[in-house]
Amino acid sequence: MKIKLFSTNYMPEQEKYQRFAAFENELNQFIAGVDVIDIKFSTSSGLCHDAQTHVNEYVDELSVLVMYEDKPKTSDKKKA
């Protein structure tokens, strides 16, 4: 078994919808090529306030942990 982590915090800064669409696309591409054992989804959010500029910034993050195994190669299937 192997794992792969995906997180919206480590993606290039994009508009919110584009960021989530890219996140979803990256995850779907990955799981299409492996045998998925389980998927764990986590969310977190927070609000940051800059005292000097008086700007509030809302921060959200989505993370996915995918537990998987590599798909057997065609030659491995013939041996079984």
| task | Pick out which of L65, L27, V64 makes a side-chain contact (heavy atoms from CB on, under 4.5 Å) with F41. | result | V64
| request: Under the side-chain contact (heavy atoms from CB on, under 4.5 Å) rule, collect the residues that match up with D50, sequence neighbours excluded. | output: Q52, T53
| task | Output the distance between atom CD (E24) and atom CG (L62), rounded to the nearest 0.5 Å. | result | 10.5 Å
| task | Flag the pair E69 / I37 as yes when at least one side-chain heavy-atom distance between them is below 4.5 Å, and no otherwise. | result | yes
| task | Indicate yes or no: at least one non-hydrogen side-chain atom of F30 is less than 4.5 angstrom from one of V66. | result | yes
| For A32, does its backbone N or O pair with a side-chain atom of K71 as donor and acceptor, under 3.5 Å? | yes
Check residues 42-49 and write down every donor-acceptor pair under 3.5 Å in which the side-chain atom is one partner and the other belongs to a residue at least two apart or another chain.
residue, atom, partner, partner atom, Å
H49, ND1, N56, OD1, 2.6

